[in-house]
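Bear in mind that the values here come from a model prediction, so they are computed numbers and not experimental data. Lettering of chains follows the sequences in order, A, B, ..., and the numbering in each one begins at 1.
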2 protein chains.
Amino acid sequence: MNLKIVKAQKEFGKTVAADIAYRLREEILSCRLPPGEPLRFEALRASFGASFTTLREALMSLVADGLVAAEGQRGFRVAPISLDDLFDITSTRVLIEIEALRQAIAKGDDEWEIGIISALHRLNRIEERIKTPPGEDLNWRRAHREFHQALISACGSPTLLAIHDSLFDRSERYRSVSATYRPYDRNKVGEHRALMSATVGRDTDLAVKLIEKHIRDTADNVATYAAEHFDRPALHMTAKAALAK
Amino acid sequence: MNLKIVKAQKEFGKTVAADIAYRLREEILSCRLPPGEPLRFEALRASFGASFTTLREALMSLVADGLVAAEGQRGFRVAPISLDDLFDITSTRVLIEIEALRQAIAKGDDEWEIGIISALHRLNRIEERIKTPPGEDLNWRRAHREFHQALISACGSPTLLAIHDSLFDRSERYRSVSATYRPYDRNKVGEHRALMSATVGRDTDLAVKLIEKHIRDTADNVATYAAEHFDRPALHMTAKAALAK
DNA sequence: ATTCCGAAAAATTTCGAAATCATGCGTTAC
DNA sequence: GTAACGCATGATTTCGAAATTTTTCGGAAT
């Protein structure tokens, strides 16, 4: 585990703990820290350069987001993935996003429309530029997330938005798993544009239909290409353990 | 603030931090720690007998549950309450619980039905016994929560259940606020029974209608009796500050 | 050969001091 | 008289060592 030692500095968040939580989140969402991987304090300490306490706080906030699993007094590990979990997240996302989108279309103002169009434009630009699978590109992931947030940002319910954020993060991890094994589906570009049109055009029924299809298709795609990589026992054999064979 | 000093001992949770989080949660849900109240470490340290770090961890988990607000580097306070927040929680609860109840009725087995009937029976027994407003009784609150959990426990979606738990906690605080100012509405007993009957009788449309009415009526009741107590600036004047006037 | 017990080892959890940051007040310059 | 600066104060945040808990490994008994 030769991650370079980076001095804990408030690059992103206001506090060191928030910064570490953010960086750890990136590692987990991109699956550089694979599902099931145990998170031992000594190793994290070496990678992130923070104390036990600060790391613990970062880990706890990720537990709250469902990205890390805490097992009583037996430490932390990256939350495992499974087909059941993927289906559960997908169904719940459909429920939440449909409702949020309905309300946003009913309540959204000019600024909301502009936010959607801007987010889509930025996403498209990034997709033109990058060559690597977008699932691994930090900027693409950020732009993709911001587009989906923009769609429902006018729904008027902080709770709905918070739930959406959490579910979107958990979905992201599955996208990353499958992105390793397949090229990016260019049809997504069209889907995003259609979603924008229907939403800004206040065609509630069409927009709702499109968002459900978009979410379910993405999940199906992941399941098809990556299912064989689920539910494996965590591959956390150290070099030492592998050598002992 | 003359809370008695109780030695931090693992009465409830497995770890001291989990135990303190549980006890703090109770204080907040019952509004013994009023909304908006600043949570200063020295005071908490005296009340709960734990170190800064442990308290911080407990606070952070309550922040994740939306019961405590963390303001950057300016410490913690009990999350404020407002009519907007009450309406937001209520709408989202309706969405979540209707879907969860639908799925539970479709998938529930014998054990599920028995769980509902048992939970209702326990709740009724407690209601017969107690004299104080139920909102302040720990056992009533626990039984009430377990009845609502039992109704949807068979929905098959861990995510839906987790969201419900979180929203139920946040609602609980509003119930506590209003419970201080009005007697318990005995109609609730009948509502719970009707809810049980429709659910166990697999009458999806009726059950869904009843749960929505139950949630909305409770919220309206709270709003009517307690609205004047919302949005007040936090009453955290110390004796010194009051004296200075 | 297998299971059970106990002690050593490894990991997590807790602690209080030290560092850091925000706030309010007094002083000074304009 | 007003605004701006700087210091003192009180609070939070971070640290690494110490205590507690879990896990592992070896040995003896069944």
Side-chain angles (χ1 to χ4, degrees), chain A residues 1 5-24 36-64 68-78 233-234 236-241 244, chain B residues 1 5-24 36-63 68-78 234 236-241 243-245:
Chain A
M1 196 174 287
I5 298 175
V6 182
K7 192 169 157 192
Q9 208 63 34
K10 299 158 192 173
E11 294 170 5
F12 171 76
K14 287 207 156 191
T15 67
V16 175
D19 180 55
I20 291 183
Y22 177 79
R23 285 156 61 195
L24 251 174
E37 179 93 349
L39 297 165
R40 299 249 162 64
F41 279 94
E42 276 308 329
L44 294 172
R45 212 163 111 72
S47 299
F48 292 95
S51 73
F52 296 108
T53 308
T54 308
L55 283 169
R56 165 165 272 272
E57 178 172 330
L59 260 342
M60 284 296 294
S61 83
L62 293 173
V63 168
V68 166
E71 302 152 350
Q73 266 157 320
R74 290 189 257 178
F76 300 87
R77 62 174 55 214
V78 179
H236 57 274
M237 275 205 287
T238 60
K240 192 164 59 177
Chain B
M1 196 176 287
I5 298 175
V6 182
K7 193 168 156 193
Q9 208 63 33
K10 299 157 193 175
E11 294 169 5
F12 170 76
K14 286 205 156 190
T15 68
V16 174
D19 180 55
I20 290 183
Y22 177 80
R23 284 157 60 196
L24 251 174
E37 179 95 348
L39 297 165
R40 300 246 163 64
F41 280 96
E42 275 308 329
L44 294 172
R45 214 164 110 71
S47 299
F48 292 96
S51 74
F52 296 107
T53 309
T54 308
L55 284 169
R56 165 165 270 271
E57 178 171 331
L59 259 344
M60 284 297 294
S61 83
L62 293 173
V63 168
V68 166
E71 302 153 350
Q73 265 157 321
R74 288 190 261 181
F76 301 87
R77 61 175 55 215
V78 179
H236 58 276
M237 276 204 285
T238 59
K240 191 164 61 175
L243 227 62
K245 288 225 155 184

For A/Leu55 and D/dC15, what is the distance between atoms CG and P respectively, to the nearest whole Å? 9 Å

Is the distance from OP1 or OP2 of C/dG16 to the nearest side-chain N or O of B/Arg45 less than 4.0 Å? yes

For a quick check of understanding: with a heavy-atom distance under 4.0 Å over all strands, which category does A/Leu39 fall into, base, sugar-phosphate or nothing? sugar-phosphate

Here's a test for you: under side chain to side chain contact (heavy atoms under 4.5 Å, CB included), which of B/Leu44, B/Thr54, B/Ile20 qualifies with B/Leu59? B/Leu44

Among D/dT12, C/dC15, C/dT12, the one nearest B/Phe41 by side-chain distance: D/dT12

Do any side-chain nitrogens or oxygens of A/Thr54 fall under 4.0 Å of OP1 or OP2 in D/dC15? yes

Which atom names give the shortest non-hydrogen contact between A/Gly36 and A/Arg77, and what distance separates them? O-NH1, 3.1 Å

How many Å lie between CD on A/Glu57 and C1' on D/dT12, as a whole number? 11 Å

Heavy-atom closest contact (A/Ser61 atom, A/Ala21 atom, distance): OG-CB, 3.7 Å

Atom-pair distance (CG on B/Leu59; P on D/dT12), nearest Å: 9 Å

At their closest point, which heavy atom of A/Arg45 faces which heavy atom of A/Ala50, and how far apart are they? CG-O, 3.1 Å

Distance, rounded to the nearest Å, where B/Leu44 contributes CG and D/dA11 contributes P: 13 Å

What is the separation between atom CZ on A/Arg74 and atom C1' on D/dT21, rounded to the nearest whole Å? 11 Å

Considering just the side-chain nitrogens and oxygens of B/Gln73, establish if one lies under 4.0 Å of OP1 or OP2 belonging to C/dC21. no

How many Å lie between CZ on B/Arg77 and P on C/dA22, as a whole number? 16 Å

Interatomic distance where CZ belongs to B/Arg56 and C1' belongs to C/dT14 [whole Å]: 15 Å

Taking all non-hydrogen atoms of both residues into account, name the closest pair between A/Glu42 and A/Phe52 and its distance. OE2-CZ, 3.7 Å

Whole-Å distance separating the CZ atom of B/Phe48 from the P atom of C/dT14: 15 Å

Where the side chain of A/Thr15 is concerned, which of C/dT12, C/dC15, D/dT13 is the nearest nucleotide? D/dT13

Once you apply a heavy-atom cut-off of 4.0 Å, does A/Phe52 come out as touching a base, just sugar-phosphate, or nothing? base

